[in-house]
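Below: the structure, in structure tokens.
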Amino acid sequence: MRAAVVRTLGAPLVIEDRPDPRPGPAQVSIRVEASGLCHTDIHAARGDWPVKPNPPFVPGHEGVGIVERLGDDVTHLSVGQRVAVPWLGWACGRCEHCLSGWETLCERQKNTGYGVDGGHAEMMLAHADFAQPVPDGIDPREAAPLTCAGVTTYKAVKVAGVGPTDLVAVSGIGGLGHLAVQYAKIAGATVAAIDVTDDKLSLAGELGADILIDARKEDPAEVLRRHGGAHAAIALAVDDRATEALQRGLRRGGKLVLVSLPAGGALRVPVFDTVLNGTSVIGSIVGTRQDLAEVFALHAAGRTKAIYETRPLEAVNDCIQEILGGHVRARVVFEM
Ligand code: NAD
Ligand code: ZN
Ligand code: ZN
């Protein structure tokens with residue numbers, strides 16, 4: 001099978017032929033149909049973060065495909081079934097986080113496309129308990145962006161406790177942001193979308209954003225404050241200044257939800273303003289298996305749209321440049 005492999009951090013990916021993987025106990029092997037390219041894969045390939053992946057590895061945590069073989073003891077999935085393999089590739093199921101509904105905080109978790117090989121390949125392995133069944137009727141190319149971009153922003157909207165009278169700011173209308181806008185609308189909020197390209201802003205408008213803010217031309221904080229300030233602001237742009245503008249655009253009691261992970265990212269929290277205004281800064285990491293099931297259910301019910309462009313796996317390095325240049329319509333999905 002072919003796979004896109006990071007051989008050296010910071011170097012272009014290499015397309016390699018590898019033996020088809022065989023599932024061990026409690027695993028399944030999957031013939032990948034579609035695999036979304038998340039900005040996290042770019043951070044992974046460059047070694048942007050303090051905890052680095054160990055090359056060689058196959059990135060990709062939006063892999064969707066058909067179960068080909070079952071490992072020993074796998075009884076709840078069947079051969080031929082469509083599943084999605086998210087970032088949370090495995091969690092222990094026994095620690096306080098796992099037992100309290102926060103498996104995404106498990107200290108023993110394994111991360112797909114980072115700690116274990118991921119979806120940018122013709123075949124992949126997954127722990128059967130963490131391979132999420134994809135409901136009938138969802139196209140695999142749509143299921144792919146939902147598997148990380150969808151579940152992550154759905155969770156961020158949940159964590160912010162968004163309600164129908166809230167103003168929600170979404171900064172960065174890329175893979176994650178185009179879905180964040182939709183989940184905030186489903187929660188009933190008024191949505192302000194912020195980006196630095198015309199295409200992304202018009203896409204946000206098509207997806208229901210009420211206020212469009214071009215951060216090249218206006219200070220997003222000022223625009224948000226003109227509207228009374230944001231009850232919740234979701235940081236998705238890979239840019240510390242964009243996050244800082246969101247912080248200044250909060251209303252009293254507002255919540256800033258950090259999701260994007262720029263290399264060396266840091267935010268100055270002004271103590272006086274934070275205390276007097278009662279604002280919060282919250283980190284949010286992907287979502288649980290239950291969150292992903294809810295994301296798929298919403299999509300199957302026709303309530304969300306996944307926007308993507310398909311590419312062959314061989315184009316992986318060009319696609320990374322396109323994403324960094326802001327030239328992609330929301331998500332790139334590799335079609336195998
Ligand atoms: P993306 O590249 O598809 O989208 C980023 C968007 O930000 C683009 O539309 C770009 O035009 C816009 N942008 C750039 N500069 C901006 C600025 N100054 N102001 C406003 N918008 C600006 O990336 P993505 O796949 O959506 O991922 C976004 C980030 O989220 C990445 O850092 C990724 O690693 C991270 N991420 C975090 C989690 C999590 O669980 N916390 C999960 C997935 C991804
Ligand atoms: Zn991701
Ligand atoms: Zn655990």
Side-chain angles (χ1 to χ4, degrees), residues 35-46 48-49 59-63 86-88 90-114 118-119 144-156 159 169-181 192-201 203-204 212-220 234-246 257-263 265 282-287 291 307-308 319-320 322-332:
S35 184
L37 177 53
C38 181
H39 206 120
T40 289
D41 298 328
I42 304 176
H43 296 305
R46 293 177 156 193
D48 273 349
W49 299 335
H61 52 274
E62 291 187 346
W87 175 257
L88 188 68
W90 181 84
C92 80
R94 296 174 194 278
C95 70
E96 65 170 292
H97 308 295
C98 284
L99 292 175
S100 60
W102 283 96
E103 61 191 15
T104 51
L105 302 183
C106 178
E107 299 209 33
R108 293 178 60 206
Q109 69 185 271
K110 291 181 186 159
N111 296 125
T112 311
Y114 207 88
L146 298 174
T147 300
C148 176
V151 74
T152 299
T153 53
Y154 180 71
K155 186 64 160 194
V159 162
V170 177
S171 174
I173 310 300
L176 269 64
H178 90 284
L179 285 155
V181 166
I194 307 163
D195 206 289
V196 290
T197 75
D198 296 337
D199 291 348
K200 303 291 176 85
L201 288 168
L203 175 62
L212 303 178
I213 305 173
D214 185 338
R216 292 167 302 187
K217 299 181 183 151
E218 304 177 281
D219 174 12
I234 304 176
L236 306 173
V238 192
D239 182 309
D240 283 342
R241 281 162 313 165
T243 304
E244 185 266 340
L246 286 182
V257 184
L258 302 183
V259 175
S260 62
L261 291 157
I282 307 165
S284 189
I285 176 79
V286 294
D291 293 318
I307 308 292
Y308 59 89
C319 293
I320 289 174
E322 282 181 72
I323 292 171
L324 292 172
H327 303 310
V328 166
R329 202 166 149 81
R331 210 33 141 208
V332 163

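As the structure lists them, so they are numbered: ligands from 1, and atoms in each ligand from 1.
- Looking at ligand 1, you'll find an N or O of Val286 within less than 3.5 Å of one of its N or O atoms.
- Ranked by closest heavy atom to atom 42 (C) of ligand 1, the top entry among Leu179, Leu37, Thr152 is Thr152.
- Heavy atoms of Arg331 found under 4.0 angstrom from ligand 1 belong exclusively to the side chain.
- Checked by distance only, ligand 1 and His43 come closer than 3.5 Å through their nitrogen or oxygen atoms.
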After noting the C-alpha distance and the side-chain angles of Trp87 and Ile285, does the key distance pass the side-chain contact (heavy atoms from CB on, under 4.5 Å) rule? CA-CA 10 Å; Trp87 175 257; Ile285 176 79; 4.3 Å; yes
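- Side-chain atoms of Glu62 come within 3.5 Å of backbone atoms of Ala149 as a donor-acceptor pair (strictly under, hydrogens ignored).
- Contact atoms of ligand 1 toward Ile323: 2 (O) (distance under 4.0 Å to a heavy atom of the residue).
- Listed by atom number, the atoms of ligand 1 under 4.0 Å from Val238 heavy atoms are 29 (C), 31 (C), 32 (O).
- With hydrogens and angles ignored, the 3.5 Å screen pairs no side-chain donor or acceptor of Asp41 with any backbone N or O of Pro59.
- Among the backbone and side-chain atoms of His39, none of the N, O or S atoms lies under 2.8 Å from the Zn ion (ligand 2).
- Summary of contacts: the protein heavy atom closest to atom 5 (C) of ligand 1 is Leu236 O, 4.1 Å.
- Applying the 4.0 Å criterion to heavy atoms of Lys200 picks out, from ligand 1, the atoms 8 (C), 9 (O).
- If you put the vertex on the Zn ion (ligand 3), SG of Cys106 and SG of Cys95 sit 120° apart, to the nearest 10°.
- Nearest protein neighbour of atom 3 (O) of ligand 1, counting heavy atoms only, is Gly175 N, 3.0 Å.
- Scanning Ala242, Gly172, Gly283 for the heavy atom closest to atom 7 (O) of ligand 1 points to Gly172.
- Near Val196, meaning under 4.0 Å from one of its heavy atoms, ligand 1 places the atoms 13 (N), 14 (C), 15 (N), 16 (C), 17 (C), 18 (N), 19 (N), 22 (C).
- With hydrogens left out, the protein atom closest to atom 11 (O) of ligand 1 is Asp195 OD1, 2.7 Å, a heavy atom.
- In this structure, atom 37 (C) of ligand 1 lies nearest to the protein heavy atom Val259 O, 3.1 Å.
- For ligand 1, none of its N or O atoms has an N or O atom of Ala237 under 3.5 Å away.
- For the atom pair CG (Leu203) and CG (Asp198), the distance works out to 12.5 Å, reported to the nearest 0.5 Å.
- Counting heavy atoms closer than 4.0 Å to ligand 1, residue Cys148 contributes side-chain atoms (C-beta onward) but none from N, CA, C or O.
- Side chain of His178 to backbone of Ile307: a donor-acceptor contact under 3.5 angstrom is found.
- Taking backbone and side-chain atoms together, His97 has no N/O/S atom less than 2.8 Å away from the Zn ion (ligand 3).
- A donor-acceptor pair under 3.5 Å is formed between the side chain of Ser35 and the backbone N or O of Gly119.
- Ranking the protein heavy atoms by distance from atom 44 (C) of ligand 1 puts Thr40 OG1, 3.3 Å first.
- For ligand 1, the atoms closer than 4.0 angstrom to any heavy atom of Ile285 are 40 (O), 41 (N).
- Ligand-side atoms of ligand 1 in range of Gly174: 3 (O), 4 (O), 6 (C), 9 (O), range being under 4.0 angstrom from any heavy atom.
- Taking distance alone, with nitrogen or oxygen atoms compared against 3.5 Å, Leu261 approaches ligand 1 more closely than that limit.
- Residue His39 touches ligand 1 through backbone and side chain together, judged by heavy-atom distances below 4.0 Å.
- The SG atom of Cys148 sits 6.0 Å away from atom CZ of Arg331, with the distance rounded to the nearest 0.5 Å.
- For Leu176, heavy-atom contacts with ligand 1 shorter than 4.0 Å involve the backbone as well as the side chain.
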Steps toward side-chain contact (heavy atoms from CB on, under 4.5 Å) verdict (Thr153, Val181): CA-CA 9 Å; Thr153 53; Val181 166; over 6 Å; no
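- Atom numbering of ligand 1 starts at 1 in the shown order; those under 4.0 Å from a heavy atom of Trp49 are 34 (O).
- Cys38 counts as a contact of ligand 1, since one of its heavy atoms falls under 4.0 Å from the ligand.
- Under the 4.5 Å side-chain criterion, counting only non-hydrogen atoms from C-beta, Glu96 is not in contact with Trp102.
- Of the candidates Ser260, Pro262, Ala193, the one placing a heavy atom closest to atom 35 (C) of ligand 1 is Ser260.
- Using a cutoff of 4.0 Å between basic side-chain nitrogens and carboxylate oxygens, Asp219 and Arg241 are not scored as salt-bridged.
- When NE2 of His61 and SG of Cys148 are joined through the Zn ion (ligand 2), the resulting angle is 110° to the nearest 10°.
- Listed here is the closest heavy atom pair of Arg108 and Cys92: NH1-CB, 3.7 Å.
- For the pair Ser260 (side chain) and Ala237 (backbone), a donor-acceptor distance under 3.5 Å is present.
- A donor-acceptor distance shorter than 3.5 angstrom exists from the side chain of Thr112 to the backbone of Pro86, with no hydrogens or angles considered.
- Per-residue contacts place Ser171 under 4.0 angstrom from the following atoms of ligand 1 (heavy atoms of the residue considered): 20 (C).
- With a heavy-atom cut-off of 4.0 Å, Asp239 touches ligand 1 through its side chain alone.
- Each of Ile282, Leu176, Val159, Thr243 was evaluated against Val259; a single residue qualifies, Leu176, per the side-chain contact (heavy atoms from CB on, under 4.5 Å) test.
- Proximity of a side-chain donor or acceptor of Trp49 to a complementary backbone N or O of Leu261 within less than 3.5 Å is detected.
- Rounded to the nearest 0.5 Å, atoms CG (Asn111) and NE2 (His61) are 9.0 Å apart.
- Heavy-atom contacts from other residues, nucleotides or ligands closer than 6.0 Å to CZ of Arg216 number more than 12.
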